[in-house]
Amino acid sequence: MTLTTTDLHNFLQTRRSIRRFKPDPVSDSVIQNILSTATYAPSAHNRQPWRFVVITSFAVKIQLADAMAEDFERDLLRDGMAPEKVQSQIKRSKERIASAPLAILLCLDMTEMDSYPDEKRQQAERMMAIQSVAAAGLQLLLAAHAEGLGGVWVCSPLFAQETIQKVLDLSESWEPQGMFFIGYPDELPKNKELRDLQGLVKML
Ligand SMILES: Cc1cc2nc3c(=O)[nH]c(=O)nc-3n(C[C@H](O)[C@H](O)[C@H](O)COP(=O)(O)O)c2cc1C
């Protein structure tokens with residue numbers, strides 16, 4: 001099959017966040033393809049500071065969901081949310097992890113990035129590493145799309161970093177950044193409104 005430029009743009013433009021999945025598992029070879037393609041992302045100094053934790057075990061997903069829910073509950077109650085509303089949000093978030101055939105946790109590892117004595121450059125270096133990890137995240141979603149899978153990026157790990165490190169027995173240098181729920185789509189996402197390109201671009 002020869003892909004045209006239009007086909008490739010169409011492929012990129014048709015990736016959507018999918019949050020409901022069929023129960024069918026994702027095979028190991030497909031998981032490897034997705035991870036491998038994610039690692040082709042560009043990275044600052046080519047240091048490739050992304051790390052991945054692949055979770056297919058239902059027991060591990062539940063353990064993780066329960067632990068993250070404790071942090072989530074504490075934060076929402078502290079925000080002043082009504083306890084019943086907190087419980088329904090927690091239930092929803094646990095169900096989302098449990099019902100995804102595949103969860104991939106995306107982590108940042110700063111150990112091979114450069115170090116600077118001053119805060120300003122150190123912050124810039126960290127930002128570069130985070131941007132690199134995000135590039136791998138997008139590449140991962142696109143690779144899943146190429147495999148006919150759907151996926152969604154969720155940010156909840158950012159709010160439960162230490163808890164996740166503990167539950168999954170991760171090295172301290174693996175800093176959770178985001179998680180991807182992936183599986184064969186069981187929904188058709190609604191049309192998405194895109195901002196007008198003209199307002200987003202300055203042509204010089
Ligand atoms: C950094 C990041 C964090 C996100 N976090 C969440 C999340 O916590 N929960 C969720 O349902 N979707 C999350 N999303 C998905 C966005 O809601 C989604 O990409 C956006 O609405 C555009 O829709 P599309 O992906 O279908 O194009 C996240 C996306 C990104 C890039």
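Indexing begins at 1, ligand by ligand and atom by atom, following the structure's order.
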Participant: Please check if the number of heavy atoms outside E162 that lie under 6.0 Å from its CD is greater than 12.
Facilitator: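 No, because the 6.0 Å sphere around CD of E162 holds 12 heavy atoms or fewer from other groups.
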
Participant: Using 0.5 Å steps for rounding, measure from the CH2 atom of W50 to the CG atom of L140.
Facilitator: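 Taking CH2 in W50 and CG in L140, the distance rounds to 11.5 Å.
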
Participant: Say you draw a straight line from CG of L105 to CG of L168; how long is it, rounded to the nearest 0.5 Å?
Facilitator: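 Rounded to the nearest 0.5 Å, the CG-CG separation comes to 6.5 Å.
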
Participant: Say whether D7 and T4, considering side chains only, have a donor N or O and an acceptor N or O under 3.5 Å apart.
Facilitator: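 Yes - a donor-acceptor pair under 3.5 Å links their side chains.
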
Participant: Under a 4.0 Å N-O cut-off, is there an ion pair linking D186 with K22?
Facilitator: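 So D186 does not pair with K22 through a salt bridge.
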
Participant: Which ligand 1 atoms, with their elements, are less than 4.0 angstrom from a heavy-atom of V154?
Facilitator: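 Those of ligand 1 that fall under 4.0 Å from V154 are 5 (N), 6 (C), 7 (C), 8 (O), 9 (N).
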
Participant: Is it true that the side chains of E73 and Q87 contain a donor and an acceptor less than 3.5 Å apart?
Facilitator: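 Indeed, the side chains of E73 and Q87 share at least one donor-acceptor pair under 3.5 Å.
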
Participant: Below a 4.0 angstrom heavy-atom separation, can you tell me which part of Q177, side chain or backbone, both or neither, approaches ligand 1?
Facilitator: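 It is neither part, as no heavy atom is under 4.0 Å.
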
Participant: What protein heavy atom is closest to atom 28 (C) of ligand 1, reported as residue, atom name and distance in Å?
Facilitator: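 Minimum-distance protein heavy atom for atom 28 (C) of ligand 1 reads W153 O, 3.1 Å.
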
Participant: Heavy-atom contacts with V152 under 4.0 Å: which atoms of ligand 1 show up? List them by number with element.
Facilitator: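 Checking each atom against V152, I get 12 (N).
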
Participant: Please confirm whether the backbone N or O of D114 pairs with a side-chain atom of E125, one donor and one acceptor, at under 3.5 Å?
Facilitator: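 Looks like yes, one N/O pair under 3.5 Å.
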
Participant: Any link between V26 and V60 through a network of hydrophobic side chains (Ile, Leu, Val, Met, Phe, Trp, Tyr) touching at under 4.5 Å?
Facilitator: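 No, no single cluster joins them.
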
Participant: Who's the nearest protein heavy-atom neighbour of atom 19 (O) of ligand 1, and how far?
Facilitator: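 That would be S17 OG, 3.3 Å.
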
Participant: When you measure from atom 2 (C) of ligand 1 to the protein, is at least one non-hydrogen atom found at a distance under 4.0 Å?
Facilitator: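 Looking at atom 2 (C) of ligand 1, one finds that a protein heavy atom does lie closer than 4.0 Å.
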
Participant: Give yes or no for whether the N/O distance cutoff of 3.5 Å, strictly under, is met between S156 and ligand 1.
Facilitator: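 No, since none of the N or O atoms of S156 sits under 3.5 Å from an N or O of ligand 1.
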
Participant: I need the nearest protein heavy-atom contact for atom 8 (O) of ligand 1: residue, atom name and distance, please.
Facilitator: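 The closest one turns out to be C155 N, 3.1 Å.
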
Participant: Looking only at protein heavy atoms, which one is nearest to atom 11 (O) of ligand 1, and what is the separation?
Facilitator: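 The closest heavy atom on the protein side is R19 NE, 2.8 Å.
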
Participant: Give the residue and atom name of whichever protein heavy atom lies nearest to atom 27 (O) of ligand 1, and the separation in Å to one decimal.
Facilitator: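 Checking every protein heavy atom, the shortest distance to atom 27 (O) of ligand 1 gives K192 NZ, 2.4 Å.
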
Participant: Taking only heavy atoms of R16, which atoms of ligand 1 are found under 4.0 Å from at least one of them?
Facilitator: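 Those of ligand 1 that fall under 4.0 Å from R16 are 24 (P), 26 (O), 27 (O).
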
